[in-house]
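Here is the structure we will look at.
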There are 2 protein chains.
Amino acid sequence: MLTLQSESHMLSKSCQYALRAVVYIAEESSTTQLVGAQQMAESLQIPKHFLSKILQQLSRNKLISSTKGPNGGFYLSRENEQVTIDRIIEVIDGPGLFTACVLGLPSCSSAHPCPLHEQAVGYRDGLYHKLKNLTIRELTLVTRLEKKESSTPK
Amino acid sequence: MLTLQSESHMLSKSCQYALRAVVYIAEESSTTQLVGAQQMAESLQIPKHFLSKILQQLSRNKLISSTKGPNGGFYLSRENEQVTIDRIIEVIDGPGLFTACVLGLPSCSSAHPCPLHEQAVGYRDGLYHKLKNLTIRELTLVTRLEKKESSTPK
DNA sequence: CAAATAAAAGATATTAAGGTCTTCTATACT
DNA sequence: AGTATAGAAGACCTTAATATCTTTTATTTG
Ligand code: FES
Ligand code: FES
């Protein structure tokens, strides 16, 4: 039998894990208390070794920071906190998600638009613009705000 | 070595092919002149047998029509022309693209939003509503209009 | 310096997406 | 009816994404 039901998502699983991990680091770590891959994997329900590789990728690209040895782990430096979300997507899923044609045509421009160009581009560019101006730090602030709002006292 | 650069696109390749094929059928076929999978594969630069499977999937789901035998091929019935784009995406890539959380969390709702929910949902839903109200016929009309506009006489 | 710890690195395995090939079946035309 | 045509169906293969496991390296602490 043939499946052909790809259950495609906008971001790869690696990228989803990366974003969730970065948010976790931002929330749970500080300069004094680092957060380990082990703990992170358990809390976020992500395969440990797979997560490790993703974290290494982010670390190599200076989007997060890490130290080895006992009490080692991952954390965000001042610079890391200013990293924007689009950078994380770019490093893990590659560029192209926000520039490639949705129909996979070799180029995407309003000069040579595919039938879906007009419909898609607004969505794509809008989100891209937001993510390009959204830092890791800001993202966690938003989250905390939302949590506060949702815990409405009766 | 490890790649970890997934080049993720919003739609699967199968789905991109499906959409391009449907547009092609809408433009090139009529009730008198059907369009064959062979010809379509060559024109659109899509692997023939792979395209066939996709067309069969669409045909089984009544999104396009076909007849076998000599001078057979694919075409759009009156009903097919009223099929909306979101249906094609749904049949090939499954539901979920427009309902699932971008970070892959088990549910997506404003009651339990992920950190990116607010950013993502507006655009996602916006595109979804457009595609839900965009028929195959309308899509080709838009394309023809764009072509006319771009061929500006000097 | 020795032991313990935790990330880095990379080899290997599994699964799903993407792609190819062969056989079968319906239709048209002579 | 017989043959050619073109889609339908399904087996099979390849590649890339995802996941696991093992070894190495850096760092802390006693
Ligand atoms: S050309 Fe297809 S989305 Fe721009
Ligand atoms: S909860 Fe993540 S996008 Fe809605």
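Chain naming here is simple, since letters A, B, ... match the order of the sequence lines and numbering starts at 1 in each.
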Want to settle it: does Lys48(B) or Gly69(A) sit nearer the 5' end of DNA chain C, counting the closest nucleotide to each?
Gly69(A)

Assign each of Lys13(A) and Ser66(B) to its nearest nucleotide of DNA chain D by heavy atoms, then name whichever residue's nucleotide is nearer the 5' end.
Ser66(B)

Gap separating the CG atom of Asp93(B) from the SG atom of Cys15(B), nearest 0.5 angstrom
4.0 Å

With the side chain of Phe74(A) defined as its heavy atoms from C-beta on, choose the nearest nucleotide among dG19(C), dA19(D), dA8(C).
dA8(C)

Atom NE2 of His9(B) and atom C1' of dG18(C): how far apart are they, to the nearest Å?
14 Å

When you measure from the side-chain N and O atoms of Ser59(B) to the phosphate of dA8(D), is any distance below 4.0 Å, counting only OP1 and OP2?
yes

Would you mind telling me which of dG19(C), dA8(D), dC29(C) lies closest to the side-chain atoms of Asn71(B)?
dC29(C)

If you check every side-chain atom of Ala37(A), which of dG7(D), dG19(C), dA7(C) has the closest atom?
dA7(C)

Give one of base, sugar-phosphate or nothing for Ser52(B), where a contact means two heavy atoms less than 4.0 Å apart.
nothing

Output the rounded distance in Å from CG (Asp93(A)) to P (dA16(D)).
16 Å

With a 4.0 Å cutoff (strictly under), does any side-chain N or O of Tyr17(A) reach OP1 or OP2 of dT18(D)?
no

So do the side chains of Ile25(A) and Ile136(A) get within less than 4.5 Å of each other, counting heavy atoms only?
no

Whichever of Cys15(A) and His49(A) has its nearest DNA chain D nucleotide further upstream toward 5':
Cys15(A)

Can you tell me how far the CG atom of Leu63(A) sits from the CD1 atom of Ile88(A), to the nearest 0.5 Å?
6.0 Å

Counting side-chain heavy atoms from CB outward, which of dT20(C), dT5(D), dA8(C) is closest to Lys68(A)?
dA8(C)

What's the closest nucleotide to the Phe50(B) side chain, out of dA8(D), dG19(C), dA9(C)?
dG19(C)

Tyr75(A) OH to dA6(C) P, straight-line distance once rounded to whole Å
16 Å

Could you tell me how far apart Ile64(B) (CD1) and dG7(D) (P) are, to the nearest whole angstrom?
10 Å

Does Lys53(B) get its side chain close enough to the base of dG19(C), under 3.5 Å, for a donor-acceptor pair?
yes

Do any pairs count as a side-chain hydrogen bond (donor to acceptor under 3.5 Å, both in side chains) and have a residue in residues 16-26 of chain B, sequence neighbours left out, and if so which ones?
Tyr24(B)-Gln39(B), Tyr24(B)-Ser43(B)

Any chance the side chains of Thr32(B) and Ser30(B) put a donor and an acceptor closer than 3.5 Å?
yes

Which of the following nucleotides, dT27(D), dA4(D), dA8(C), is nearest to the side chain of Pro70(A)?
dT27(D)

How far does CD of Glu28(B) sit from CG of Leu34(B), to the nearest 0.5 angstrom?
13.0 Å

Separation of atom CG in Leu51(A) from atom P in dA7(C), rounded to whole Å
10 Å

What's the CG-C1' distance between Leu97(A) and dA17(D), to the nearest Å?
16 Å

Base, sugar-phosphate or nothing for Ser12(B)? Non-hydrogen atoms, less than 4.0 Å.
sugar-phosphate

Rounded to the nearest Å, what distance is computed from the CD atom of residue Gln33(B) to the C1' atom of nucleotide dA28(C)?
14 Å

Report the distance from atom CD of Gln57(B) to atom C1' of dA8(D), rounded to the nearest whole Å.
12 Å

